[in-house]
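Taking it in order: structure first as structure tokens, then the write-up.
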Amino acid sequence: MGEPDHIFVNPLPNLAHGNQPAGYPFFYIEPAKNEEIIRKFYPSEKGPITNIDPIGNSPAIIKKIESLLKEIAPTWLNISLRMKYDPEADKAFGWVQEMYAYAIASALHAVSYILRKDFMLQPPWDLEVGEKFILNYTYGCDYSKKGELTYGKVGDWHFNKREYLISPPPKKLPLPPPGVPGSVVRLVQMVNEASANTPGWDTL
């Protein structure tokens, strides 16, 4: 499973092993820190809170059948809805509710994941592409003319996907200034590659 803001930067092998799926460990998915809330959806008789992997549904490599995604999906939906209508969970988890719901649903079905940090990188925090497989451009990238990160403040150079909700980015985006991490440069290069080679890009 992937998302529209994922770019393949290296060939992706099958990181799963048999019936054990692979996922990416997100630093902000913290089951232990939120145990009191999570126990509403994953009761103590189901097992320790450590059974819940710090993942979301994406990126993930998982079998659709054989009691994996086919079984997890309805539970994932139901927990997502229960979380949304639970004021405490809704406030605590916000936009990552469905990620927590997926992690909990997986644990309820006794599915654990091979956690691969090399599955994905997220500029501007991950500086280099290296041997990672997917680039996720979820965060805005803002830099001064000197190549200094100005996160939270629009920089002299910046790229933010939220500016292109209605229309695609223009062709030939300017590359970031010298000193900006290679991961950000690679992102812009690949967006420019896509715009140069996609027929009708300006009318998408």
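Note that the numbering runs from 1 along the sequence shown for the chain.
Proximity of Pro21 to Ile61: side-chain heavy atoms (C-beta onward) are nowhere separated by under 4.5 Å. At a threshold of 4.5 Å between non-hydrogen side-chain atoms, the residues Tyr143 and Val184 count as touching. The shortest side-chain heavy-atom distance between Asp53 and Ser112 falls under the 4.5 Å cut-off. Using a 4.5 Å heavy-atom cutoff, the side chains of Trp157 and Lys145 are not in contact. Inter-residue side-chain proximity for Ser167 and Leu204 is flagged as unmet; no heavy-atom pair is nearer than 4.5 Å. In this structure, Ile49 and Ile38 have side chains that are in contact, with non-hydrogen atoms separated by less than 4.5 Å. The shortest distance between side-chain heavy atoms of Val180 and Pro178 does not fall below 4.5 Å. Ile72 has its side chain out of reach of Asn57: every pair of non-hydrogen atoms, C-beta onward, lies at least 4.5 Å apart.
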Where do Arg39 and Ser44 land on the side-chain contact (heavy atoms from CB on, under 4.5 Å) test, with the steps shown first? CA-CA 7 Å; Arg39 284 303 186 188; Ser44 56; 4.2 Å; yes
Working note: Leu175 + Gln189, criterion side-chain contact (heavy atoms from CB on, under 4.5 Å); need CA distance, chi angles, decisive distance, verdict. CA-CA 7 Å; Leu175 292 177; Gln189 289 173 334; 3.9 Å; yes
Evaluation steps, side-chain hydrogen bond (donor to acceptor under 3.5 Å, both in side chains), between Asn34 and Tyr100: CA-CA 10 Å; Asn34 296 283; Tyr100 271 99; 3.2 Å; yes
Determine, step by step, whether Met1 and Ile62 satisfy the side-chain contact (heavy atoms from CB on, under 4.5 Å) criterion, reporting the C-alpha distance in whole Å, the side-chain angles of both residues, the deciding distance to 0.1 Å, and the verdict. CA-CA 8 Å; Met1 291 184 282; Ile62 183 171; 4.0 Å; yes
Before giving the answer on side-chain contact (heavy atoms from CB on, under 4.5 Å), spell out for Val9 and Arg186 the whole-Å C-alpha distance, their side-chain angles and the decisive distance to 0.1 Å. CA-CA 9 Å; Val9 289; Arg186 182 72 174 277; 3.9 Å; yes
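Looking at Asn197, its side chain does come within 3.5 Å of a backbone N or O of Glu193 through a donor-acceptor pair. In this structure, Thr198 contributes its side chain and Trp201 its backbone to no donor-acceptor pair below 3.5 Å.
Here the CG-CG distance, from Leu68 to Asn19, works out to 5.0 Å after rounding to the nearest 0.5 Å. Once rounded to the nearest 0.5 Å, the distance linking OG of Ser58 with CG of Asn136 reads 7.5 Å. With rounding to the nearest 0.5 Å, the separation of CG in Leu69 from NE2 in His109 is 10.5 Å. Rounded to the nearest 0.5 angstrom, Cys141 SG and His158 NE2 are separated by 10.5 Å. Atom CD1 of Ile37 and atom NZ of Lys91 lie 10.0 Å apart (nearest 0.5 Å).
In this structure, Phe93 is a member of the same hydrophobic cluster as Trp95, with clusters built from ILVMFWY side-chain heavy atoms closer than 4.5 Å. Residues Ile7 and Leu15 fall within the same hydrophobic cluster, defined by Ile, Leu, Val, Met, Phe, Trp and Tyr side chains chained together at heavy-atom separations under 4.5 Å. Following chains of ILVMFWY side-chain contacts shorter than 4.5 Å, one can reach Met83 starting from Tyr28, so the two form part of one hydrophobic cluster. Cluster annotation: Met99 is not connected to Ile114 through the hydrophobic network of ILVMFWY side chains, with a link wherever side-chain heavy atoms come within less than 4.5 Å. Hydrophobic clustering (ILVMFWY, side-chain heavy atoms < 4.5 Å, transitive): Ile55 and Ile104 are in distinct clusters.
The aromatic ring centroids of Phe119 and Phe133 lie 6.0 Å or more from each other.
Ionic pairing of Lys161 and Asp5 is present here: one or more N-O contacts between side-chain nitrogen and carboxylate oxygen are shorter than 4.0 angstrom. A salt bridge links Glu88 to Lys40: at least one charged side-chain nitrogen sits closer than 4.0 Å to a carboxylate oxygen. Between Lys84 and Asp90 there is a salt bridge, since at least one side-chain N of the basic residue sits less than 4.0 Å from a carboxylate O of the acidic one. Between Lys153 and Asp142, no side-chain nitrogen of the basic residue sits less than 4.0 Å from a carboxylate oxygen of the acidic one, so the salt-bridge criterion is not met.
Heavy-atom neighbours of Tyr85 OH from other residues, nucleotides or ligands within 6.0 Å: at or below the threshold of 12. The neighbour count for Leu165 CG, taken as heavy atoms of other residues, nucleotides or ligands under 6.0 Å away, is above 12. Around atom NZ of Lys171, more than 12 heavy atoms belonging to other residues, nucleotides or ligands sit under 6.0 Å away. More than 12 heavy atoms of other shown residues, nucleotides or ligands fall within 6.0 angstrom of atom OH in Tyr151.
Screening Leu127, Val129, Asp126 for a side-chain contact (heavy atoms from CB on, under 4.5 Å) involving Pro181 leaves a single residue, Leu127.
Between Trp76 and Tyr102, the ring-plane angle classifies as perpendicular under the 30° and 60° cut-offs. In this pair, Phe159 and Tyr137 present their aromatic rings perpendicular. The plane angle is above 60°, beyond the 30 to 60° band. Using a 30° and 60° split on the angle between ring planes, Tyr24 and Phe26 fall in the perpendicular class, above 60°.
Residues Gln97 and Ser80 share a closest heavy-atom pair of OE1-O, 4.3 Å.
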